[in-house]
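In this text the structure is predicted, and so the values were computed from the model without any measurement. Side-chain atoms are counted along with the backbone in the values below, which use heavy atoms only and exclude waters and symmetry mates. Below, chain A is the first sequence line, B the second, and so on; all start at residue 1.
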Amino acid sequence: MGEGFEPKIIAFTCNWCAYAGADLAGVSRLKYPPNVRIIRVMCTGRIDPTFVLKAFTSGADGVLIGGCHIGDCHYIQGNALARRRATMLKKLLEHVGIEPERLRLEWISASEGGKFVETVKDFVERIRELGPNPLKGSG
Amino acid sequence: MTGEMYIAEATDERIRERGEHGGVVTALLKFALESGMVDAVLAVKKRNGNRYDGVPSLITEPEEVLECAGVLHCAPVNVARCVKEYLDGAKGVRLAVVCKPCDARAMIELAKREQINLANVIMIGVNCTGTLAPSVARKMLVEEFGVDPEDVVREDIDDGKLIITLGDGSTREKDLKELEERGYGRRENCRRCEVSVPRMADLACGKWGVPEGRRATFVEVCSERGGELLKKAAEAGVIRVEAPSKEAIDERERKEREALERSKEWQERYFGELKEMSSEERRRYWFDYFDRCIKCFGCRDACPICYCKECYLEAWRGFIRGGEVPPERAFPLIRLAHVADSCVNCGQCQDACPAEIPLSRLYQAVNKELQRVFKYVPGMSVEERPPLTVITEEELRNDDPLLFLR
């Protein structure tokens with residue numbers, strides 16, 4: 001897509017796992033693309049679908065939701081709820097013609113700094129291929 | 001008791017005359033009120049005798065129930081929101097409510113959200129194969145039927161035909177599908193609606209299965225409470241009941257099946273077209289519509305499922321700079337994200353929309369997809385929790401982030 005397009009990615013990460021994973025990536029000096037802006041939430045179950053849509057209309061090209069692996073949720077099943085909501089959102093985006101791949105859900109534990117890095121790298125590349133979010137600048 | 005079927009009619013001559021098909025619904029409502037089973041009846045009444053303007057009315061005088069007798073096809077209201085909003089969710093009052101399938105389903109969805117206390121509500125369900133928007137109906141009566149809308153005393157939808165009765169007793173009929181091809185006929189959500197018999201209510205009443213030429217009501221008992229009301233009313237001599245013949249039951253089933261087939265055809269037409277589009281075309285299709293949104297909040301205020309006291313959309317109300325178009329483009333999307341899993345396709349949002357955005361088309365399309373994914377049909381049983389609030393044991397053993405999308 002467009003010359004010089006740098007994807008802007010909003011990552012919602014849970015306090016207990018994915019955020020700690022990102023932190024580990026940092027203290028381990030692992031390098032990952034600077035396209036991602038991290039917003040910490042206490043649990044992925046806290047992410048109202050509105051947050052994701054608002055991110056898209058405010059100009060995000062992709063939204064990453066990072067939570068604990070199933071079974072590890074600090075609040076028992078917040079991540080499983082997030083999975084259902086993300087499923088709903090993907091279906092919704094698809095119906096209005098926005099690539100559902102722009103929303104990505106991953107489980108990243110506090111010890112998986114490497115997985116965080118790989119996820120971000122891969123996601124940025126994927127979004128780069130998709131091009132700018134068509135909703136950009138509409139919110 | 002549940003599942004039992006009867007052919008019934010009111011014993012009171014007056015009620016039988018005024019009722020649509022034997023006056024059973026009217027007789028039951030009146031009986032429920034008189035016998036003290038309920039404190040009030042909620043039914044739709046013509047406003048000043050205008051059959052194109054129905055108002056949900058709270059009735060405490062048994063005689064007044066008669067004013068609600070008969071069906072208003074051209075006054076599509078959803079009473080669920082009234083029960084929640086104006087009657088405190090029936091928390092302090094026992095109600096008998098006349099429900100189309102979408103009314104009953106919306107009430108069940110609200111009950112799941114603790115907004116309606118269904119223990120206090122008897123839902124008297126009426127079969128429904130669709131309603132018409134008042135403005136469309138009036139125009140259609142003039143242009144297609146060549147009659148004065150004020151002259152019409154009755155409408156009926158049967159076997160794919162729209163039949164109207166005039167004041168002088170004469171009838172006119174036209175093929176519903178042909179009317180709809182020309183933009184008349186039923187509201188679009190009704191065309192696609194799959195639920196014509198409200199088995200989620202306490203009683204399901206309708207004309208299907210009643211022998212030709214007879215004015216009576218076919219009643220299916222759908223709950224213990226519904227059965228009790230019917231039994232007591234029969235014992236009190238307010239209604240006469242008899243067992244339906246095998247043919248009557250078969251006939252009713254056939255009509256129900258045919259209505260379902262017709263709705264599937266419409267679904268295919270509306271959704272098939274959208275499915276065939278590329279994602280770019282689909283985006284343009286919907287965002288052209290979304291760009292019309294003037295952010296009036298009409299859809300939210302009309303939606304029987306929306307119930308939050310503090311609305312997320314409300315937070316973005318406010319002033320905007322001169323020359324800018326007011327709406328947040330994603331306004332309809334955000335609402336969709338909040339109700340998509342529980343939408344009952346009642347079409348109130350679309351009716352309310354001054355910009356004529358075909359909201360129900362989008363909402364039902366997404367909801368149908370979610371029904372498949374989560375195996376959940378909204379408004380069928382108060383026991384089932386909304387799919388975005390439940391987790392199964394099985395799910396908690398599966399670590400796949402794309403579990404539902406495989």
Structural part of [X] lying under 4.5 Å from a heavy atom of chain A:
| X | value |
| --- | --- |
| B:D399 | both |
| B:F374 | side chain |
| B:S278 | neither |
| B:E369 | side chain |
| B:R372 | side chain |
| B:L405 | side chain |
| B:V366 | both |

Keeping A:R83 on the side-chain end and B:L402 on the backbone end, is there a donor-acceptor pair under 3.5 Å?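 Such a contact is absent between A:R83 side chain and B:L402 backbone.
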Option among A:L135, A:V96, A:I98 that satisfies the side-chain contact (heavy atoms from CB on, under 4.5 Å) test with B:R283: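 Looking at A:L135, A:V96, A:I98, the match for B:R283 under the side-chain contact (heavy atoms from CB on, under 4.5 Å) is A:I98.
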At a 4.5 Å cut-off on heavy atoms, which part of A:N79 comes close to chain B: side chain, backbone, both, or neither?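 Contact with chain B involves no heavy atom of A:N79 at all.
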About how many Å separate NZ of A:K91 and NZ of B:K368, when rounded to the nearest 0.5 Å?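 Between B:K368 NZ and A:K91 NZ, I get 14.0 Å after rounding to 0.5 Å.
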Measure the CG-CD1 distance between A:L81 and B:I391 for me, rounded to the nearest 0.5 Å.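 Result: 4.0 Å between the selected atoms.
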Pair B:E395, A:R84 - check salt bridge (Lys or Arg N to Asp or Glu O under 4.0 Å), show working. CA-CA 10 Å; B:E395 254 171 273; A:R84 283 190 170 234; 2.7 Å; yes
Which one of B:L274, B:L396, B:V373, B:D341 has the most heavy-atom pairs closer than 4.5 Å to chain A?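 When all of B:L274, B:L396, B:V373, B:D341 are compared, B:L396 has the most.
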Option that, when pairs with chain A are counted at under 4.5 Å, heavy atom only, ranks first among B:T392, B:T389, B:N398: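 Result: the option with the highest number of such pairs is B:N398.
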Looking only at heavy atoms, what is the nearest atom pair of A:H95 and B:A365, with distance?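 That would be NE2-O, 3.6 Å.
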